[in-house]
Amino acid sequence: RREAAGEIDLEEAIRRGEEAIELAHAVREPLFYLAFIYEAQADRFWRAGRLAEAAEMFERAIEVREAHAGPDHMHLMDPLRGYAELQAQLGDLDKALSLNRRALDILIQQLGPDNFLLQDSLDLEARLLWGKGDLNGSLEVAQHLEAMLREVLEEAIVGLPERQSLGVLAWQSWQRDLMISAAVAEPDPQWSAAAADALIRSRGLVLDSLAERHRSAHSLDDPRVARVVEELGAARSQLARLAVLGNRHGDLQTYQQNLEAARRDKERAERGLAAYDLQLSRERERSAAGIAEVTAAVPQETALVAYTRYQRFEPPSLGAKPSWPLAATPSYAAVILLAGDTAPRIVDVGAADAIDDGVRTLSRLTWEVAETADRSPRRSLASFRRRGSELRSLVWDPVAPYLGGVSRVFVVPDGDLHLLPFGALPVGETAYLIDSTAALHYLSAERDLVGASKELEVPTGEGLLAMADPAFDETNLFAALAGDDSEVFQLAQADLDRAAGVFRGQRATCGDFESMRFDALPASLAELQSIGHVWRQRAPGQPAILLDSARANEAAFKTRAAGNRVLHLATHGYFLGGECDPLARVEHGRLLENPLVLSGLALAGANHRDATGPDEEDGILTAEEIAALDLQGVQWAVLSGCETGVGEAMAGEGVFGLRRAFQIAGARTVIMSLWPVDDEATRDWMAALYRHRFAEGATTLEAVHEASLELLAGRRAAGLSTHPFYWAGFVAAGDWQ
């Protein structure tokens with residue numbers, strides 16, 4: 001106890017352990033608890049590097065347990081497994097394997113072959129077999145364990161709030177990494193198929209569960225469920241409000257208590273929804289999709305390139321002394337599937353550190369263009385092309401040889417690759433990846449292809465709701481600042497009652513968000529008028545609600561968004577990245593625990609959010625609030641601002657921000673920016689997007705591809721800089737049709 005409390009050091013703890021053993025030996029009859037003393041002492045010797053003495057303690061512990069409980073008792077499991085791990089470190093993998101298999105046999109005899117409690121022994125078994133060079137045996141165990149843990153995880157997250165669901169993802173990771181490592185090292189069709197199947201089935205489990213729960217809750221005609229949905233929405237709004245306004249009154253303790261209360265209310269409501277078992281059979285079929293279903297769903301002339309960030313384990317060299325623990329390198333790999341393929345190809349892409357650094361560098365270079373108004377266009381473009389070419393050689397060149405003859409490439413990113421517009425990667429002296437014949441489109445998960453036809457069973461909404469050029473300095477939205485007869489205030493209150501050289505983005509650290517001010521976006525008004533004109537011409541009979549100035553406010557969006565086919569928000573986006581730690585409870589007096597409160601969109605009145613009254617909207621539409629809306633039937637959510645697709649990236653679960661929020665709420669496709677975007681260039685890109693989609697009947701994939709190509713061609717023809725800042729920021733993720 002004193003060692004655990006830090007009152008004595010390790011050597012002193014070893015001496016005290018020896019005294020405890022002597023006292024126990026003084027007792028005439030052997031004591032069963034002596035085994036626990038031996039095991040604790042073995043752990044101390046091990047941590048002190050005295051491995052031979054640790055081995056002796058483990059042997060004594062096993063001997064005592066056998067004498068008191070018999071050779072096949074569950075009590076032997078822990079010392080056998082611990083001793084096996086120690087023998088592996090000593091270099092005797094054969095003895096380690098024998099000890100661990102004895103522990104496994106005891107567990108299987110007592111619990112059966114598929115019990116969750118087998119995980120530690122199966123985990124060690126797979127690693128030991130890999131260390132011995134028995135890759136087939138190792139993969140067989142790893143595949144069994146991965147499937148078993150995924151089944152447990154899928155069952156667990158059905159009834160858990162989001163935060164706890166994300167916490168249990170750690171149960172399932174390295175076994176899949178081992179399978180991918182084997183497929184990369186020795187391209188065997190069976191191994192590749194097994195690794196790809198495990199990856200597909202594990203991708204986005206929490207995101208899918210939340211989205212399915214949300215859709216189901218809003219589709220049920222049950223007053224009890226409706227009440228819980230309302231409670232969840234209120235809790236999300238309170239969290240967002242506290243995050244945006246911060247500790248305005250200087251009482252940090254009260255602020256922290258309010259944050260904790262809002263978080264508890266949210267999780268209580270999430271558990272309430274889960275208790276109704278809202279999973280529908282349609283979603284269950286989709287989540288069960290694996291490699292066979294995804295392969296069958298890949299359209300003709302199409303390739304699927306699915307990236308994964310993983311720990312790469314190197315197979316042991318022939319005749320080399322085994323190393324323990326197994327060494328692994330954070331890396332990226334790509335799974336490649338073409339229509340009609342019988343087996344996937346899995347290729348190593350490279351070290352994760354170099355790739356992540358390359359993505360961040362390109363983002364920084366585009367921000368420099370935005371912030372300096374591109375005063376040195378040749379120099380900035382040269383820097384981008386040099387670093388972009390290096391990144392392309394890492395992430396795209398290894399997969400390119402397999403993509404011949406395809407006209408579409410579906411990309412499933414992972415890790416920081418979520419933040420990379422692949423089409424902007426330079427090729428040769430003047431070209432970019434977008435100049436190739438294949439059009440790129442992003443998917444959140446491979447099995448999105450399987451669910452595409454079934455998702456169409458949800459009726460598509462009708463109409464367009466578009467907001468642009470919000471009056472950020474509007475005062476009449478707040479009772480404390482509005483005149484008594486303000487028409488703007490009355491309209492905003494009516495919405496609340498019904499609900500019961502500029503670039504479009506801001507970067508803020510946690511400490512300066514309160515002082516952030518949003519500048520007007522005059523070109524966004526022309527954008528609003530342009531898309532409204534296309535819509536009225538090509539979507540006759542479907543309403544178009546176009547809101548600007550003070551009418552482009554938060555209450556109006558929340559009350560009018562549901563039921564539309566297209567949502568278009570041309571405004572400033574923000575992401576509190578950089579110094580903000582999403583795991584911290586409170587920093588600089590602000591909530592940072594939930595990444596969905598770190599991203600948002602600024603609407604009318606945002607610059608006077610400090611004047612917000614108790615029952616008023618603050619002008620900041622956070623991702624947390626969006627996730628509470630019912631956006632089923634929304635075909636497009638177009639986020640026409642800077643870095644609206646940016647957020648906290650989590651391997652296997654995507655980006656936590658506006659993108660995830662709209663997906664949870666039910667939007668089929670999110671069109672968003674991964675980089676800063678120029679106000680006027682964005683206006684032109686959006687006009688081209690809507691024209692290709694609604695005037696020419698293009699698919700989403702084609703419309704996005706052609707809009708970017710059109711802007712790039714225009715700049716080339718005019719002799720202007722082709723820096724991707726001006727044309728490559730926007731991508732689409734979701735339904736490609």
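Ser380 places a side-chain N or O within donor-acceptor distance of the main-chain N or O of Pro377, the cut-off being under 3.5 Å. With Glu702 contributing its side chain and Thr699 its backbone, the two residues share a donor-acceptor pair below 3.5 Å. In this structure, the side chain of Ser673 does not engage the main chain of Gly729 through any donor-acceptor pair within 3.5 Å. When atom types are taken as modelled, the side chain of Glu554 and the backbone of Gly619 share a donor-acceptor pair closer than 3.5 angstrom.
Taken from CZ in Phe422 to CG in Leu440, the straight-line distance is 8.5 Å, to the nearest 0.5 Å. Rounding to the nearest 0.5 Å gives a distance of 12.5 Å between OG1 of Thr366 and CG of Asp678. The distance from atom CG of Leu477 to atom CZ of Arg609, rounded to the nearest 0.5 Å, is 14.0 Å. The CG atom of Asn258 lies 11.0 Å from the CG atom of Leu239; values are rounded to the nearest 0.5 Å.
Heavy-atom minimum distance, Leu603 versus Pro470: C-CB, 3.8 Å. Closest approach of Leu242 to Ala262, counting heavy atoms only: CD1-CB, 4.2 Å.
Looking at Thr669 and Thr700, their side chains never bring a donor and an acceptor atom within 3.5 Å of each other. There is a side-chain donor-acceptor pair under 3.5 Å between His568 and Tyr690. In this model, no donor atom of one side chain and acceptor atom of the other lie less than 3.5 Å apart for Arg241 and Thr612. Using modelled atom types and a 3.5 Å distance limit, the side chains of Thr622 and Glu625 yield a donor-acceptor pair. Between the side chains of Arg683 and Gln529, no donor-acceptor pair of N or O atoms lies under 3.5 Å.
For Phe730 and Trp685, the ring centers are positioned less than 6.0 Å apart.
For Gln542, the side chain to side chain contact (heavy atoms under 4.5 Å, CB included) criterion is met by Glu462, Trp535, Ala539, Arg565, not counting sequence neighbours. For Leu232, the side chain to side chain contact (heavy atoms under 4.5 Å, CB included) test picks out Arg236, Lys266, Ala269, Glu270, Leu273, with sequence neighbours left out. Partners of Ile664 according to the side chain to side chain contact (heavy atoms under 4.5 Å, CB included) rule, which considers only residues two or more places apart in sequence or in another chain, are Leu207, Leu210, His214, Ala627, Arg660.
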Stepwise ring-ring contact (aromatic ring centres under 6.0 Å, His included) test for Phe384 and His723: CA-CA 8 Å; Phe384 184 95; His723 195 294; 4.9 Å; yes

From CA spacing to verdict: salt bridge (Lys or Arg N to Asp or Glu O under 4.0 Å), Arg387, Asp357: CA-CA 10 Å; Arg387 297 305 300 269; Asp357 179 67; 3.6 Å; yes

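In this structure, Arg715 satisfies the cation-pi test against Tyr726, with its NZ or CZ atom closer than 6.0 Å to the six-membered ring centre and inside 45 degrees of the ring normal.
Note on ring orientation: taking the six-membered ring where Trp is involved, the planes of Trp636 and Phe694 are perpendicular (angle over 60°, cut-offs 30° and 60°). Note on ring orientation: taking the six-membered ring where Trp is involved, the planes of His572 and Phe472 are tilted (angle from 30° to 60°).
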